[in-house]
2 protein chains.
Amino acid sequence: MRAIDHGQGGDASCMRLVEIAVPRCGDDEVLIKVFATGVNRPDVLQRSGKYAPPADASPLMGLELSGEVIATGAAVTRWQIGDKVCALTHGGAYAEFCAVNAAHCLPIPNGLSMLEAAALPEVFFTVWANVFQRAQFTAGDSILIHGGSSGIGSAAIQLCKAFGAAKILVTCSNQAKLDYCTKLGADVGINYTAEDFVAATLAATGGRGADVVVDMVGAPYFQKNIEACATDGRIAQIALQQGAKAELNMQALMVRRLTWTGSTLRARPNAAKAAIAESLLHNVWPLFDQQPDALRPNIHATFPLANVSDAHRMMESGAHFGKIVLTVG
Amino acid sequence: MRAIDHGQGGDASCMRLVEIAVPRCGDDEVLIKVFATGVNRPDVLQRSGKYAPPADASPLMGLELSGEVIATGAAVTRWQIGDKVCALTHGGAYAEFCAVNAAHCLPIPNGLSMLEAAALPEVFFTVWANVFQRAQFTAGDSILIHGGSSGIGSAAIQLCKAFGAAKILVTCSNQAKLDYCTKLGADVGINYTAEDFVAATLAATGGRGADVVVDMVGAPYFQKNIEACATDGRIAQIALQQGAKAELNMQALMVRRLTWTGSTLRARPNAAKAAIAESLLHNVWPLFDQQPDALRPNIHATFPLANVSDAHRMMESGAHFGKIVLTVG
């Protein structure tokens, strides 16, 4: 099959289309003919040698896909050959075929194209697990979403809007990104290059602060996130793009009864990923019928698999809004 | 009535027995003739001028009591005159009479004396709210309890033991305190003056770490608590006795999916305290019948109210194990 190999790693030009063997389909897996695969920031880290995949994962990049089931493992009862699915993969989606744990697949949501469905799993699993499950976002909460125009940010805006957020605040680096977030459902846009997001959050919430904060920036935002939280607020840490170390004053965590938590998706055991998938199926998938278009992912650009280097360059430029997708099948 | 006044504040000798008016009993309050009242660390802070009570609180010290209901407010249906109760108070328990929110009272647990019941509310509300509700301690969890021989520590050992802890680890400053913790139910004693508690916790848990950590030390323990946590571990911050500021690396919080939370009891709204009381009544009070002696508080010393200065000196010496109680009625 055709697949993308990143050799010893390097910049975006290090990737090559190669011919390799189709992966073996394990007993609890399905083999999927890949239609499309989303590009995610961890792919860029893996390509540049800054992230080694887990020992049991595919050495290929690619954490999500849409496609068609063409074989099922001996223990799989849920899917049949010919089923169209989207899935969270344990790597390996930058390829023509990918073997995926059957419990990490979900049906293509009603109303979405196969292309759009390829852009869902990574951000929906991440936002659901962190914002809704760990940080317990519930209807009536206000939420501050950093990086509102990113894939994660866009999904968080849409999901929190669909689930009845009282107020959605986002931070971005410019007005075009803020306008994009407003179209997705954000109520308050904060240009972090021009204003202090703590002051802006307090001003927009009558001095209360946000009930939930979603952060991928890390160190320089730690203390500010604490200060931007309402009493009983929760911080969901989903990445540490600008570092993990900072001098912190934790008084407010205790006095205002905050909860600071976070998680990465990839390191979770299979059963935990399956539980997130199950929860998404029951809680989120019905919304694709009930609120058509509310959860439609924004595809910023698509590239054929062979042009993966251009896709990575666009991701690294940081200029995109929403998702970048590679088409394969 | 007789009560303890701490004047402008100062060392333990600043306190005087004075005659003042009996407090008014509000519509949702009961007036209690105090039998005994527990001495707590916040009392010492308040006495020495380092802690100003909330504006709506009694200016008198005293956060818990046992006693008899002698009057009920117009809106109170739950308690009758003559009922014996223990209660979390909004200050004011260093006195002959105290007005208490009716929903913050609990019956004297079966098998406990009035004296013992006076030592329960502050530590049981604190441990239940932080360790069981916020940090979600459940049967089968291992727990690291700092300050194991303190009032909070003792209650945490007993409650976690009663609720099926897999392993209870405690830190103390000397062997006598560790022996005391072992008698209460601790499995692993760590003398923090002689060994590193992170290494000791990992060694005692097969390298996993503790599922829950309860800390009142603060800054110098922050990073170590994170390192001592198992994957999916929870840290409950119940005090910051040695400071709130430290340089921290939060990588593990996200990668190991930790949750860092905490709370103070006093700042909570009345309804939140009532909810803790209700949960204690349903979940913990039945254990006083089912596991007699398992939750018996250890009274280290009792002093008549007039000798409150000696009680505070003992608290400040740090030499006590378990609770110090003032007898009033």
Side-chain angles (χ1 to χ4, degrees), chain A residues 42 51-52 54 126 129-130 133-136 152 214-223 225-227 229 231-269 271-273 275-276, chain B residues 42 51-52 54 126 129-130 133-136 152 214-223 225-227 229 231-269 271-273 275-276:
Chain A
Y51 174 79
T126 297
N130 284 286
Q133 294 185 317
R134 298 185 72 83
Q136 294 177 39
I152 294 280
V214 189
D215 182 47
M216 59 287 282
V217 174
Y221 277 20
F222 285 160
Q223 191 71 51
N225 288 338
I226 289 171
E227 288 163 21
C229 265
T231 296
D232 289 313
R234 292 86 71 196
I235 301 167
Q237 197 72 50
I238 59 166
L240 297 162
Q241 289 173 8
Q242 294 183 30
K245 275 191 201 173
E247 162 96 7
L248 295 177
N249 183 334
M250 300 301 293
Q251 179 92 25
L253 179 111
M254 196 180 72
V255 173
R256 293 215 309 277
R257 303 187 293 276
L258 308 185
T259 299
W260 190 0
T261 185
S263 69
T264 60
L265 190 52
R266 194 156 194 192
R268 292 192 184 222
K273 291 177 184 170
I276 300 169
Chain B
Y51 174 79
T126 297
N130 285 285
Q133 296 186 317
R134 297 186 73 82
Q136 293 178 39
I152 294 280
V214 188
D215 182 47
M216 60 287 282
V217 174
Y221 278 19
F222 286 160
Q223 192 71 50
N225 287 338
I226 289 171
E227 290 164 19
C229 265
T231 295
D232 289 313
R234 290 87 70 197
I235 301 168
Q237 198 71 49
I238 60 167
L240 296 162
Q241 288 172 10
Q242 293 183 31
K245 275 191 200 173
E247 161 97 5
L248 296 178
N249 183 334
M250 301 302 292
Q251 178 92 24
L253 179 109
M254 196 182 69
V255 173
R256 293 215 309 279
R257 303 188 292 276
L258 309 185
T259 298
W260 189 0
T261 186
S263 69
T264 60
L265 191 52
R266 195 160 193 189
R268 293 192 183 222
K273 291 177 183 169
I276 301 169

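Note that this is a predicted model, so its numbers are computed, not measured. A note on names: the letters A, B, ... follow the listed sequences, proteins ahead of strands, and every chain is numbered from 1.
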Q | Rounded distance [0.5 Å steps], CD in A:Gln251 versus OG1 in B:Thr264 | A |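 Rounded to the nearest 0.5 Å, the CD-OG1 separation comes out at 9.0 Å.
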Q) Measuring from B:Leu248:CG to A:Glu247:CD, what's the distance to the nearest 0.5 Å? A)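 So the gap between those two atoms works out to 8.0 Å.
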Q.
Looking only at heavy atoms and a cut-off of under 4.5 Å, which of A:Ala267, A:Ala239, A:Gly243 has the most pairs with chain B?
A.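 Maximum pair count with chain B is reached by A:Ala239.
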**Q.** Partners meeting side-chain hydrogen bond (donor to acceptor under 3.5 Å, both in side chains) with B:Asn130 (sequence neighbours left out)
**A.**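 B:Ser263.
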Q: Specify the closest pair of heavy atoms between B:Arg257 and A:Arg268, including all atoms of both residues, with the distance to one decimal.
A: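 Closest approach of B:Arg257 to A:Arg268, heavy atoms only: NH1-CG, 3.5 Å.
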**Q.** Shortest non-hydrogen contact between A:Gln237 and B:Met254, atoms and distance
**A.**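 Residues A:Gln237 and B:Met254, closest heavy atoms: O-CG, 3.2 Å.
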Q: Examine whether an atom of A:Leu258 lies under 4.5 Å from a heavy atom of chain B, and if so say whether it belongs to the side chain, the backbone or both; otherwise answer neither.
A: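 Backbone of A:Leu258 only, per the 4.5 Å heavy-atom cut-off to chain B.
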Q: Can you tell which part of A:Ile238 gets under 4.5 Å to a heavy atom of chain B, answering side chain, backbone, both or neither?
A: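 Contact with chain B is through the backbone of A:Ile238 alone.
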**Q.** N-O pairing of B:Asp232 and A:Arg134 below 4.0 Å
**A.**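 Salt bridge between B:Asp232 and A:Arg134, a charged N being under 4.0 Å from a carboxylate O: yes.
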Q) With sequence neighbours left out, what residues match A:Glu227 under side-chain contact (heavy atoms from CB on, under 4.5 Å)? A)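 In terms of side-chain contact (heavy atoms from CB on, under 4.5 Å), with neighbours along the sequence ignored, A:Glu227 is linked to A:Val198, A:Gln223.
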Q | Under 3.5 Å: donor-acceptor pair, side chain of A:Thr259, backbone of B:Thr261 | A |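 Side chain of A:Thr259 to backbone of B:Thr261: no pair is present.
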Q) Of all of B:Lys245, B:Arg266, B:Arg256, which one pairs up most often with chain A through heavy atoms under 4.5 Å apart? A)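 Result: the option with the highest number of such pairs is B:Lys245.
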